[in-house]
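Down below is the structure, laid out as structure tokens.
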Amino acid sequence: MSKRLDYNQIAPAGVKALGGVYGYIMQSSLPPALVDLVYLRISQINNCAYCLDSHTRDLLKKGVKIEKLALVQAWREAGNLFDERERAALTWAETVTRVAETNVPDEAYQAARAVFDERELVDLTIAIGLMNAYNRMAISFRNTPQAALGQ
């Protein structure tokens, strides 16, 4: 698979705008490791190799154990490995990412609101939308994962 085009070079202002949203999320009250877990799960759903590689590396650098990363896709069966906020965030990420299928049901909203305040939930939803946008860019233009470059 070869890269189709370099959107960073073609539309730097657009990429910078996405980066501004990323910066906003990183300065929010959401824990960075929680955000990266959500990004990893979204990238799994969307089958984005570039982002899977990137977020796995980020989480490892943040000290998240490989055993936990290996079970993100099956987090519901992972017992207490994921805490209450992580489980709520992963549920919210899944239902919002699959919005055309789920229509984001009231039960999912109520579960998320039980552990996130209003601002956190809005910020989490912005993060979910951002990662879905990044996944679509990376997949559409065939970004090569760092691992595939031998790095």
Side-chain angles (χ1 to χ4, degrees), residues 1-66 68-76 78 82 85-105 108-109 111-113 115-151:
M1 179 173 73
S2 61
K3 191 171 193 170
R4 291 179 171 163
L5 56 83
D6 185 350
Y7 52 83
N8 293 297
Q9 294 296 317
I10 295 167
V15 173
K16 184 178 180 182
L18 289 174
V21 177
Y22 178 82
Y24 168 81
I25 295 302
M26 291 295 99
Q27 293 178 14
S28 75
S29 64
L30 295 170
L34 175 75
V35 172
D36 278 330
L37 276 175
V38 165
Y39 286 169
L40 181 63
R41 182 64 189 118
I42 293 165
S43 298
Q44 289 173 336
I45 293 167
N46 291 324
N47 294 316
C48 182
Y50 179 83
C51 294
L52 285 166
D53 179 69
S54 174
H55 299 299
T56 299
R57 290 170 188 272
D58 290 345
L59 285 158
L60 287 169
K61 287 177 193 168
K62 287 180 172 91
V64 177
K65 296 193 180 304
I66 190 72
K68 187 170 188 171
L69 295 179
L71 294 175
V72 169
Q73 189 167 352
W75 63 268
R76 284 180 179 84
F82 296 89
R85 283 174 56 92
E86 289 169 337
R87 290 191 303 268
L90 293 167
T91 299
W92 188 247
E94 290 174 357
T95 194
V96 172
T97 295
R98 295 177 171 135
V99 66
E101 300 165 27
T102 68
N103 200 30
V104 189
Y109 170 76
R113 280 292 287 128
V115 295
F116 293 108
D117 68 30
E118 290 178 346
R119 178 64 177 265
E120 288 174 324
L121 188 55
V122 169
D123 288 348
L124 180 59
T125 307
I126 291 169
I128 293 164
L130 176 66
M131 187 46 49
N132 275 289
Y134 275 137
N135 286 172
R136 280 147 181 77
M137 295 295 288
I139 292 166
S140 298
F141 299 116
R142 304 292 192 254
N143 279 11
T144 304
Q146 190 176 345
L149 299 172
Q151 300 174 350

Which is it for Asp53 and Arg57 under the side chain to side chain contact (heavy atoms under 4.5 Å, CB included) test, yes or no, and what are the steps along the way?
CA-CA 6 Å; Asp53 179 69; Arg57 290 170 188 272; 3.0 Å; yes

Report the distance from atom CD1 of Ile42 to atom CZ of Arg98, rounding to the nearest 0.5 Å.
10.5 Å

Please assess Thr97 against Arg41 for the test side chain to side chain contact (heavy atoms under 4.5 Å, CB included), listing each intermediate value before the final yes or no.
CA-CA 10 Å; Thr97 295; Arg41 182 64 189 118; over 6 Å; no

Step by step, would you call Tyr39 with Leu130 a side chain to side chain contact (heavy atoms under 4.5 Å, CB included)?
CA-CA 9 Å; Tyr39 286 169; Leu130 176 66; 3.8 Å; yes

Sub-4.5 Å side-chain heavy-atom contact between Trp92 and Leu121:
yes

The side chain to side chain contact (heavy atoms under 4.5 Å, CB included) partners of Ala111 (sequence neighbours excluded) come to none

Out of curiosity, Glu101 CD to Thr95 OG1, how far, rounded to the nearest 0.5 Å?
9.0 Å

Test item: Arg76 and Thr91 side chains (from C-beta on) under 4.5 Å apart, heavy atoms
yes

If I compare all heavy atoms of Leu30 with all of Leu34, which pair ends up nearest, and what's the gap?
CD2-CD2, 4.4 Å

In this structure, CD of Glu118 is separated from CZ of Arg113 (nearest 0.5 Å) by 5.0 Å

Pairwise distance CG(Leu69) to OG1(Thr56) - rounded to 0.5 angstrom
6.0 Å

Heavy atoms only: give me the nearest Arg85-Pro31 pair and the separation to one decimal.
NH2-CD, 4.1 Å

Can any side-chain N or O of Arg142 pair as donor or acceptor with the backbone N or O of Arg4 at less than 3.5 Å?
no

Test item: Ile139 and Tyr50 side chains (from C-beta on) under 4.5 Å apart, heavy atoms
no

Please confirm whether the backbone N or O of Ile25 pairs with a side-chain atom of Ser28, one donor and one acceptor, at under 3.5 Å?
yes

Determine whether more than 12 heavy atoms belonging to other residues, nucleotides or ligands lie under 6.0 Å from atom CG of Asp117.
yes

Would you say the side-chain atoms of Asp6 pair up with the backbone N or O of Asn8, donor to acceptor, closer than 3.5 Å?
yes

Of all heavy-atom pairs between Phe116 and Ala88, which one has the smallest distance, and what is that distance?
CE1-CB, 3.9 Å

Non-hydrogen atoms of Ile128 and Ala93 that approach each other most closely:
CD1-CA, 3.5 Å

Rounded to the nearest 0.5 Å, how far does CG of Leu37 lie from CH2 of Trp75?
11.5 Å

Donor-acceptor contacts under 3.5 Å from residues 10-24 side chains, at least two apart:
unit_1 : atom_1 : unit_2 : atom_2 : d
Tyr24  : OH     : Arg119 : NE     : 3.1
Tyr24  : OH     : Arg119 : NH2    : 3.0
Tyr24  : OH     : Asp123 : OD1    : 2.5

Does a salt bridge link Asp58 with Lys62, judged by any charged N lying under 4.0 Å from a carboxylate O?
no

Find out whether Asn46 and Met131 are in side-chain contact, i.e. whether some heavy atom of one side chain is under 4.5 Å from a heavy atom of the other.
no

Euclidean distance, Asn47 CG relative to Asn135 CG, rounded to 0.5 Å
9.5 Å

